[in-house]
K.L.:
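The structure under discussion is supplied below as structure tokens; questions concerning it will follow.
Below, chains carry the letters A, B, ... as their sequence lines are ordered, and counting in each starts from 1. Side-chain atoms are counted along with the backbone in the values below, which use heavy atoms only and exclude waters and symmetry mates. Just so you know, these numbers come straight off a predicted model, no measurement behind them.
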Protein chains: 2
Amino acid sequence: MTDRTPARSELPSEARLWRPSSRSTDSARGRPPGYSRAQIAEAAIKIADAEGVEALSMRKVATALGTGAMSLYRYVKNKEALCQLMVDHMVGQAVLPERTGEWRTDLRALAVAQRMTQLAHPWLAGIAAGRPTMGPNTLRMLEHGMSILDGLGLSLAEMLEIYSLISSWVNGFVREELTEEAVRERSGLSVQEWRQNIAPYIENLMSSGDYPYFTRIVREGIDHDFDMRFERGLDRIIAGIAATLPSR
Amino acid sequence: MTDRTPARSELPSEARLWRPSSRSTDSARGRPPGYSRAQIAEAAIKIADAEGVEALSMRKVATALGTGAMSLYRYVKNKEALCQLMVDHMVGQAVLPERTGEWRTDLRALAVAQRMTQLAHPWLAGIAAGRPTMGPNTLRMLEHGMSILDGLGLSLAEMLEIYSLISSWVNGFVREELTEEAVRERSGLSVQEWRQNIAPYIENLMSSGDYPYFTRIVREGIDHDFDMRFERGLDRIIAGIAATLPSR
DNA sequence: AGCTTTCGGGTACGATGTACGCAAGCACCG
DNA sequence: CGGTGCTTGCGTACATCGTACCCGAAAGCT
């Protein structure tokens with residue numbers, strides 16, 4: 001009859017989500033969990049890789065693990081939290097490139113690594129948008145980036161600014177890249193067929209005379225070589241960073 | 001009994017979607033449509049603005065128009081197409097800044113305008129991702145950007161590269177910005193409460209010793225002034241473009 | 001052994017996107 | 001003017017989704 005306060009004060013979701021164990025308390029009492037959050041994240045990732053994010057559902061993840069849908073809710077608060085788990089798990093897989101000590105080289109390598117991860121798992125970018133995911137692995141990435149920029153005479157705030165300048169651009173770039181790729185896959189057609197399909201529409205636009213640059217782009221057959229565009233974009237951004245660096 | 005081919009060959013979805021009229025054929029026969037695609041787009045946009053994208057549903061848009069859910073499918077193939085419509089309608093609203101003739105100024109203005117549009121309609125970025133949306137208004141934006149870069153001694157391909165460099169960065173930047181904002185709204189707490197809420201988790205990370213830069217960032221109280229970061233990022237990117245410009 | 005605490009997962013509900021089909025409205029041909 | 005054939009309007013129906021609720025099973029602790 002004593003009015004005991006609850007055994008543990010409620011932890012905010014952030015803290016709960018990233019606890020090393022999935023157990024809801026620290027005590028070892030009660031039935032032990034049958035799965036780990038890493039297992040769950042992996043199962044979800046496998047599904048997203050194979051069938052796309054839009055096919056990812058709690059039920060599918062559960063049956064992939066050989067359990068019922070509702071069991072997952074012992075490990076994550078909701079689907080949103082599952083997604084955060086997936087993101088951080090992914091970021092954790094990323095192999096951080098070795099540092100050479102030359103900041104340009106190292107920034108390049110970091111950007112390339114970030115792009116590669118996102119290309120290998122096209123759903124990543126879409127899922128990471130809209131959620132902050134301050135998981136341990138995401139932070140590890142930040143630490144790596146910051147350490148590259150250390151010693152260039154920048155303030156901490158400036159270092160952070162530059163790190164996020166690069167990250168933002170990589171994210172934006174890859175998004176464009178994936179979009180281009182997605183539209184072709186979604187249509188289920190080959191590139192050839194797809195081109196053929198929209199040809200009349202393009203013709204129509206061009207002959208309207210309202211889009212002279214677009215017309216030239218199409219006519220001169222400028223195609224999107226994303227690899228090259230990425231390198232050249234990186235060139236420009238790094239040049240910009242160098243230009244605004246305090247003189248040494 | 002004659003094996004007539006269908007009156008009109010099936011148009012690819014792109015061409016159908018952007019036809020000026022919503023009618024499914026050019027003929028004036030049959031019952032005239034009761035709505036316009038612009039009307040539908042506006043209704044959908046109003047809902048997304050008021051309740052967020054996740055609350056956007058075909059049924060809601062329909063009842064906002066005073067009609068049944070399935071009627072919408074006479075105007076758009078599916079929800080995906082409705083979203084494309086919304087995006088292009090939005091882009092069409094954007095007021096393109098006047099050109100001054102100084103490319104740096106004009107590029108800046110374009111970037112600022114793009115950011116403002118996305119901030120005013122937070123759902124825009126999320127919806128535009130994953131779909132190419134080559135609507136008339138999107139192309140108008142492209143034309144504007146290209147015209148700014150014309151006459152700097154760049155090839156068409158280079159101009160396009162630079163245009164998309166800026167766009168990509170703006171997209172990436174705004175995404176980060178909106179994410180930060182969204183997490184606070186979603187939690188339903190004030191900034192103060194939210195900070196308090198994750199404090200123990202942050203403490204925990206910092207005391208682990210694994211994240212020295214993160215720790216300094218928190219301790220020095222570096223906050224994200226997005227307006228300033230945007231300006232400074234723009235500085236760096238434009239500096240980078242200038243640095244790789246052919247000497248004049 | 002019994003008590004306490006935790007996990008497992010079935011059932012059920014409300015919401016969503018949309019396939020299907022039929023009724024209603026309008027233009028044109030006879 | 002009345003039919004004919006096209007078009008749009010939209011109710012019904014279904015599969016699928018996230019997840020609230022609940023209770024039985026399983027595992028320490030005393």
K.L.:
If the condition is salt bridge (Lys or Arg N to Asp or Glu O under 4.0 Å), which residues does B:R115 pass it with, not counting sequence neighbours?
P.N.:
B:E177, B:D227
K.L.:
What integer distance in Å separates A:L72:CG from C:dC7:C1'?
P.N.:
13 Å
K.L.:
For A:E176, enumerate each residue passing the salt bridge (Lys or Arg N to Asp or Glu O under 4.0 Å) test, keeping only those at least two apart in sequence or located in another chain.
P.N.:
A:R229
K.L.:
For residues 117-130 of chain B, tabulate all N or O donor-acceptor pairs below 3.5 Å that involve a side-chain atom, not counting sequence neighbours.
P.N.:
from: B:T117; atom 1: OG1; to: B:A113; atom 2: O; distance (Å): 2.9
from: B:Q118; atom 1: NE2; to: B:N171; atom 2: OD1; distance (Å): 2.8
from: B:H121; atom 1: ND1; to: B:D49; atom 2: OD1; distance (Å): 2.8
from: B:H121; atom 1: ND1; to: B:D49; atom 2: OD2; distance (Å): 3.0
from: B:W123; atom 1: NE1; to: B:D49; atom 2: OD1; distance (Å): 2.6

K.L.:
Any side-chain to backbone donor/acceptor pair from B:Y75 onto B:Y35? Under 3.5 Å, distance only.
P.N.:
yes
K.L.:
Restricting to nitrogen or oxygen on both sides, can you table the protein-nucleotides 18-22 of chain D pairs closer than 3.5 Å?
P.N.:
from: D:dG18; atom 1: OP1; to: A:K79; atom 2: NZ; distance (Å): 2.7
from: D:dG18; atom 1: OP2; to: A:M58; atom 2: N; distance (Å): 3.0
from: D:dG18; atom 1: N7; to: A:R59; atom 2: NH2; distance (Å): 2.6
from: D:dG18; atom 1: O6; to: A:R59; atom 2: NH2; distance (Å): 2.7
from: D:dT19; atom 1: OP2; to: A:Y73; atom 2: OH; distance (Å): 3.0
from: D:dT19; atom 1: OP2; to: A:K79; atom 2: N; distance (Å): 2.9
from: D:dT19; atom 1: O4; to: A:R59; atom 2: NH2; distance (Å): 3.4

K.L.:
Let me know the distance between NZ of A:K60 and C1' of D:dC17, rounded to the nearest Å.
P.N.:
10 Å
K.L.:
Which atom pairs, one a donor and one an acceptor, fall under 3.5 Å between side chains of residues 53-61 of chain B and the rest of the protein, sequence neighbours left out?
P.N.:
from: B:S57; atom 1: OG; to: B:K60; atom 2: N; distance (Å): 3.2
from: B:K60; atom 1: NZ; to: B:A55; atom 2: O; distance (Å): 3.1

K.L.:
When the distance from OH of A:Y75 to C1' of C:dG8 is rounded to whole Å, what number comes out?
P.N.:
8 Å
K.L.:
Atom CG of B:L65 to atom C1' of D:dT8: distance rounded to whole Å?
P.N.:
15 Å
K.L.:
Residues two or more places apart in sequence or in another chain: which of them pass ring-ring contact (aromatic ring centres under 6.0 Å, His included) with B:W169?
P.N.:
B:F173, B:F230
